[in-house]
Amino acid sequence: MAQVIFQYFKRIFDDYQVLVQVNPSDFTGTELIIHPDGKVEKTIMEFDEEIFEDLAEDEFQACSPLEFQLHLAKS
């Protein structure tokens, strides 16, 4: 059984940030919205095969798995 290597992306908006974890083998993942007060909103997602193009178009940048996991631990 092959181990999945997730890919992580981030975009900072004016007053919040969004981090996304994508499983590239089945296009599932998790979205975290980090609010200014520190609240973390977590959503389990199912993406389509165009997710990487969509993230690039929406100006998301690659980010560290550690950053994602630290915010996930707060949710």
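Predicted model, so just to flag it, every value in this text is computed and none were measured.
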Between [atom1] on residue [X] and [atom2] on residue [Y], distance to nearest 0.5 Å:
X: E31; Y: E41; atom1: CD; atom2: CD; result: 8.0 Å
X: L70; Y: I34; atom1: CG; atom2: CD1; result: 10.5 Å
X: C63; Y: Q21; atom1: SG; atom2: CD; result: 10.0 Å

Hydrophobic cluster of V20, others only, ordered by chain and residue number, side-chain cut-off 4.5 Å: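 For the cluster that includes V20, the remaining residues are F9, F13, Y16, V18, V22, F27, I33, M45, F47, I51, F52, L55, F60.
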
Partner residues of E67 under the salt bridge (Lys or Arg N to Asp or Glu O under 4.0 Å) criterion, sequence neighbours left out: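 In terms of salt bridge (Lys or Arg N to Asp or Glu O under 4.0 Å), with neighbours along the sequence ignored, E67 is linked to K10.
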
For D48, all residues meeting side chain to side chain contact (heavy atoms under 4.5 Å, CB included), sequence neighbours excluded: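 Residues passing side chain to side chain contact (heavy atoms under 4.5 Å, CB included) with D48: E50, D54.
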
K42 side chain near H71 side chain, heavy-atom distance below 4.5 Å: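 When only atoms from C-beta onward are counted, H71 and K42 do not touch, as no gap falls below 4.5 Å.
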
Side chain to side chain contact (heavy atoms under 4.5 Å, CB included) assessment of F68 paired with T30: CA-CA 10 Å; F68 183 91; T30 305; 3.9 Å; yes

Connected via hydrophobic side-chain network under 4.5 Å: L72 and I12: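 Cluster IDs for L72 and I12 differ.
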
Whether over 12 other heavy atoms sit under 6.0 Å from E53 CD: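 Yes, the 6.0 Å shell around CD holds more than 12 heavy atoms from other groups.
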
Which atoms form the tightest heavy-atom contact between [X] and [Y], and what is the distance?
X: P36; Y: D15; result: CG-O, 2.6 Å
X: V4; Y: P24; result: CG1-CD, 4.5 Å
X: P65; Y: Y8; result: CB-CE1, 3.4 Å

